[in-house]
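One structure is given here, and the rest of the page talks about it.
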Amino acid sequence: MYAALLAGSERGITVDDNTAAFGELGFAPHVAGLSDKRDLATTLMGQPLSFPVMISPTGVQAVHPDGEVAVARAAAARGISMGLSLFASKPIEEVVAANPQTFFQLHWVGSREVMLDLLARARGGGAVGLILTMDWSFSEGRDWGSPAIPETVDLRTMVRFAPEALTRLKWLWQFAGSGSIPDLTAPNLAPAGGRAPTFFGAYREWMATPLPSWEDIAWLREQWGGEFMLKGISRIDDARKAVDAGVTAVSVSNHGGNNLDGTPASIRLLAAVVDAVGDRIEITLDGGIRRGSDVAKALALGARAVLIGRAYLWGLAAGGQAGVENVLDILRGGLDSAVLGLGRSSVGELTRSDLVIPPDFERAAGY
Ligand SMILES: Cc1cc2nc3c(=O)[nH]c(=O)nc-3n(C[C@H](O)[C@H](O)[C@H](O)COP(=O)(O)O)c2cc1C
């Protein structure tokens with residue numbers, strides 16, 4: 001399970017660079033005149049965040065029986081927003097009940113009619129905004145350490161995984177106690193009154209549908225009307241087109257190294273996108289955030305907030321809601337230490353001058 005969450009696409013160049021690049025950025029701390037109190041709060045897409053981190057949508061959180069509901073509860077307990085994947089293992093209504101600050105994430109699936117149904121689902125379910133993820137469709141090879149994930153957890157699968165599961169008795173006990181088995185379905189894609197498709201069934205259908213144009217994105221944004229993030233920007237020209245399409249936010253992202261392998265770390269591309277469109281929309285970053293100091297670095301380069309993926313998935317798999325809360329506390333504590341050391345009194349004050357940026361650090365694509 002750990003390996004399945006860790007894996008990136010192909011050779012893992014991008015998934016590695018996403019974390020390694022943060023290690024290249026240095027801090028320039030002050031030693032006196034530091035602030036006794038630091039304000040870490042901000043807002044993102046109209047929602048308050050007690051610190052500038054949001055849950056990035058990830059599919060099939062069946063690594064724990066409470067899945068996305070546990071993550072949503074942890075996020076609510078720590079005062080941050082939740083991103084819920086279209087391929088989530090829990091229905092949007094349950095997740096919104098656990099965290100009213102929930103954004104629903106869509107992929108472009110099928111036709112405009114299908115998309116209208118999904119918008120209705122998001123609205124009916126109480127989503128406060130949409131995230132349209134556009135950076136997943138290009139990678140054939142998921143071979144960088146990724147084990148095969150079963151289509152369903154049937155008897156054969158249980159027998160196959162029994163030797164591994166028996167060495168993780170605590171985890172097994174949690175599932176046994178919940179009275180359920182890992183649920184690899186996508187309930188938010190169930191037709192009205194119908195059965196939820198399996199995750200891989202839904203995935204195959206999505207992969208078989210025509211890819212959207214910028215006109216489709218502008219149309220979708222207009223249909224929604226509210227807060228709308230386009231997730232997966234690497235290039236300046238795409239960032240500009242996203243602004244033209246009317247989005248309210250973009251996330252500079254390469255899908256956590258799961259898209260086209262060889263894309264530079266998202267943190268290397270952030271500043272160029274901020275310089276190009278940062279005065280017109282909100283900009284977040286995701287990819288490689290493992291520590292609070294990473295959050296500080298992204299903010300210093302112009303991100304309003306960051307989204308996290310694997311960090312909270314590991315917390316969820318290991319300890320459910322408490323595990324995710326623990327991860328969020330670690331990130332918050334690390335961010336606070338960085339803001340303190342940099343002599344700032346709020347996250348909004350972080351600037352590029354707080355960093356030591358090696359000359360060849362940044363990349364810019366798509367001028
Ligand atoms: C196991 C896994 C599943 C993911 N599923 C989705 C998804 O369903 N929708 C989506 O927009 N992004 C998905 N992502 C990407 C994350 O939202 C996010 O962009 C990425 O994890 C950030 O990188 P990090 O894991 O290094 O924090 C997934 C990532 C992982 C690791």
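Start at 1 and go down the list; that is how both ligands and their atoms are numbered.
Applying the side chain to side chain donor-acceptor pair (under 3.5 Å) test to Thr351 and every residue at least two apart in sequence or in another chain returns Ser353. For Arg290, the side chain to side chain contact (heavy atoms under 4.5 Å, CB included) partners two or more places apart in sequence, or in a different chain, are Thr19, Asp294, Arg310, Trp314.
Inspection of the Ser89 and Gln61 side chains reveals no N or O donor paired with an N or O acceptor under 3.5 Å. If you check the side chains of Thr14 and Asp261, you find a donor sitting under 3.5 Å from an acceptor.
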Go ahead and list the nitrogen or oxygen contacts between ligand 1 and the protein that come in under 3.5 Å, distances to 0.1 Å, or just say none.
| from | atom 1 | to | atom 2 | distance (Å) |
| --- | --- | --- | --- | --- |
| ligand 1 | 5 (N) | Gly59 | N | 3.0 |
| ligand 1 | 8 (O) | Gly59 | N | 3.2 |
| ligand 1 | 8 (O) | Ser85 | OG | 2.7 |
| ligand 1 | 9 (N) | Gln105 | OE1 | 2.9 |
| ligand 1 | 11 (O) | Thr133 | OG1 | 2.6 |
| ligand 1 | 11 (O) | Lys231 | NZ | 3.1 |
| ligand 1 | 12 (N) | Pro57 | O | 3.1 |
| ligand 1 | 12 (N) | Lys231 | NZ | 3.1 |
| ligand 1 | 12 (N) | His255 | NE2 | 3.3 |
| ligand 1 | 14 (N) | His255 | NE2 | 3.2 |
| ligand 1 | 17 (O) | Ser56 | OG | 2.8 |
| ligand 1 | 17 (O) | Pro57 | O | 2.7 |
| ligand 1 | 17 (O) | Lys231 | NZ | 3.1 |
| ligand 1 | 19 (O) | Lys231 | NZ | 3.1 |
| ligand 1 | 19 (O) | Asp286 | OD1 | 2.5 |
| ligand 1 | 25 (O) | Arg310 | N | 2.9 |
| ligand 1 | 25 (O) | Arg310 | NH1 | 2.9 |
| ligand 1 | 26 (O) | Gly288 | N | 2.8 |
| ligand 1 | 26 (O) | Arg290 | NH1 | 3.0 |
| ligand 1 | 26 (O) | Arg290 | NH2 | 3.1 |
| ligand 1 | 26 (O) | Arg310 | NH1 | 3.4 |
| ligand 1 | 27 (O) | Gly309 | N | 3.0 |

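Ionic pairing of Asp237 and Arg235 is present here: one or more N-O contacts between side-chain nitrogen and carboxylate oxygen are shorter than 4.0 angstrom.
Applying the side-chain hydrogen bond (donor to acceptor under 3.5 Å, both in side chains) definition to pairs two or more places apart or across chains, those involving residues 71-87 are Arg78-Asp329, Ser81-Gln101, Ser85-Gln105.
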